S.K.: 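Mind looking over this structure? Questions follow.
The analysis underlying the following values was restricted to heavy atoms, covering all of them including side chains, and did not include hydrogens, waters or symmetry mates. Residue numbers run from 1 in the order of the sequence given. Nothing here was measured: the structure is a model prediction, and the numbers come from that model. Atoms within a ligand are numbered from 1 in the order they appear, just like the ligands themselves.
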Amino acid sequence: MSSAAPILLTPGPLTTSARTRQAMLVDWGSWDERFNQLTASVCSQLLAILNGAATHHCVPLQGSGTFAVEAAIGTLVPRNGKVLVLINGAYGKRLAQICEVLGRDFSTFETAEDEPCSAADVDRLLHADPAITHVALIHCETSTGLLNPLPQIAQVVKEHGKRLIVDAMSSFGALPIDAREVPFDALIAASGKCLEGVPGMGFVFAEKHALGAAQGNCHSLALDLFEQHEYMARTGQWRFTPPTHVVAALHEALLQYHEDGGLPARQRRYANNCQVLLDGMAELGLRSFLPAAIQAPIIVTFHAPTDPRYQFKAFYERVKAKGFILYPGKLTEVDTFRVGCIGHVDAAEMRAAVAAIAQALHAMQVLDI
Ligand SMILES: *Cc1c(COP(=O)(O)O)cnc(C)c1O
């Protein structure tokens, strides 16, 4: 295994194909008509993945995923709005932190890190507080791999006449979301996750009427999605310097996405990666943190071995030396580590990763799993 090119089993940046990386070897000018066509093509392909062309705009934004989440909340929640933030992990907490920093009124509802939020909870909370205008939800909570029941929650939010903002960063492209059946004002994802592009841009699917009514809401010049969309619709160009190489890589990654069979194929490959990983780790005696019913095939959290000879840092370095990058745990109460199932990897890489993990634990003389 070459130490120069380790396999990233992390939820972004992740392993990309050589073809996707190759697409970055061109320097595009931001006025180049062909580059603007690339952007337009990326946006319409993204909209098609969730059947959103009739109802939503795709607004791309420079930066990592959090920039796009912050832009969505800042643009779509009016300054006198109130957000109900549903939390069962670190990314949910980040939503609340964004509301706090932006000065948007909010309340939180927190369930345990292994407990999805339920539609019944949301129904009760919306009945109890009519001041709430928006609900914010993480689809796949990447800090554990937990999947929240998006369609059911979206339905309840709609029945109450409220608006939904969904962070689907780590699920979009791999888990089906149909904008014709799941009502939302904004759904946010990014280039460098399940689409297997490189990191550097987010995008927000914004409901057309909601975006049209959002002029002047935003606290920020650069993160204003109304202005970003308006400028792009008028000129075909990005409002500020575009992440040209990132757009080119995402365009190439989307070509491969479709050639491979689109969402169903991506979902199958990740589900298989996840199962191969779970089976292999179970054979080593390593237990996953979440029950199968709420485990998304995106990233798996494992309980750390209890043996005192186990230490994440040393374990990480040993596995890295064999060519695989793991991810530390993100839970406060339990010692865990995480292994991603997404990226340009398949069952062979997952089996090799399990073998590397077994060898590392053996070399560390970690017997007590
Ligand atoms: C990756 C991710 C983000 C964005 O994180 P960045 O570090 O800003 O790219 C946001 N939400 C979820 C659920 C994620 O998985």
S.K.: With the threshold set at 4.0 Å, does a side-chain nitrogen-carboxylate oxygen contact exist between Arg19 and Glu259?
M.R.: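 Yes, charged N to carboxylate O under 4.0 Å.
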S.K.: Can you check whether Gly65 has an N/O within less than 3.5 Å of an N/O in ligand 1?
M.R.: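 By distance alone, the answer is yes.
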S.K.: Using a 4.0 Å heavy-atom cut-off, which part of Thr66 comes near ligand 1: side chain, backbone, both, or neither?
M.R.: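 For Thr66, the contact with ligand 1 is made by both the backbone and the side chain.
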S.K.: Check ligand 1 against Thr142 and write out every atom of the ligand that is under 4.0 Å from a heavy-atom position of the residue.
M.R.: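 Ligand 1 atoms under the 4.0 Å threshold to Thr142: 12 (C), 13 (C), 14 (C), 15 (O).
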S.K.: Give the numbers and elements of all ligand 1 atoms closer than 4.0 Å to a heavy atom of Ser64.
M.R.: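 Per the distance check, 6 (P), 8 (O), 9 (O).
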S.K.: If I compare all heavy atoms of Leu223 with all of Ala71, which pair ends up nearest, and what's the gap?
M.R.: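 Reported closest heavy-atom pair: O-CB, 3.2 Å.
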S.K.: Just to confirm my output: which protein heavy-atom neighbour is closest to atom 3 (C) of ligand 1, and how far is it?
M.R.: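 Its nearest protein heavy-atom neighbour is Met169 CG, 3.4 Å.
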S.K.: Taking the side chain as C-beta and beyond, is there a heavy-atom pair between Leu9 and Thr15 under 4.5 Å?
M.R.: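 In short, these two side chains do not touch, never coming nearer than 4.5 Å.
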S.K.: Tell me which protein heavy atom sits closest to atom 11 (N) of ligand 1, plus the residue, atom name and distance to 0.1 Å.
M.R.: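 For atom 11 (N) of ligand 1, the nearest protein heavy atom comes out as Asp167 OD2, 2.6 Å.
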S.K.: Is there a side-chain contact between Cys43 and Pro60 (heavy atoms, below 4.5 Å)?
M.R.: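 With C-beta onward as the side chain, the pair touches.
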S.K.: Is the shortest side-chain heavy-atom distance between Phe315 and Leu326 below 4.5 Å?
M.R.: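 Result yes, sub-4.5 Å side-chain heavy-atom pair found.
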S.K.: To which protein heavy atom is atom 14 (C) of ligand 1 closest, and what is the distance rounded to 0.1 Å?
M.R.: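 The closest heavy atom on the protein side is Lys193 NZ, 3.0 Å.
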S.K.: Can Glu70 and Arg94 be counted as an ion pair, charged N to O under 4.0 angstrom?
M.R.: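 Looking at Glu70 and Arg94, the cut-off is not met.
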S.K.: Side chain, backbone, both or neither: which part of Cys140 comes within less than 4.0 Å of ligand 1 when only heavy atoms are counted?
M.R.: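 Backbone only.
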S.K.: For ligand 1, does His139 get within less than 4.0 Å through its side chain, its backbone, both, or neither, judged by non-hydrogen atoms?
M.R.: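 Within the 4.0 Å criterion, His139 makes no contact with ligand 1.
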S.K.: Considering only heavy atoms of Ser170, which atoms of ligand 1 have at least one such atom less than 4.0 Å away?
M.R.: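 Checking each atom against Ser170, I get 15 (O).
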S.K.: Measure from the side-chain N and O atoms of Asp167 to the backbone N and O of Ile138, and report whether any donor-acceptor pair falls under 3.5 Å.
M.R.: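 Checked: no pair found.
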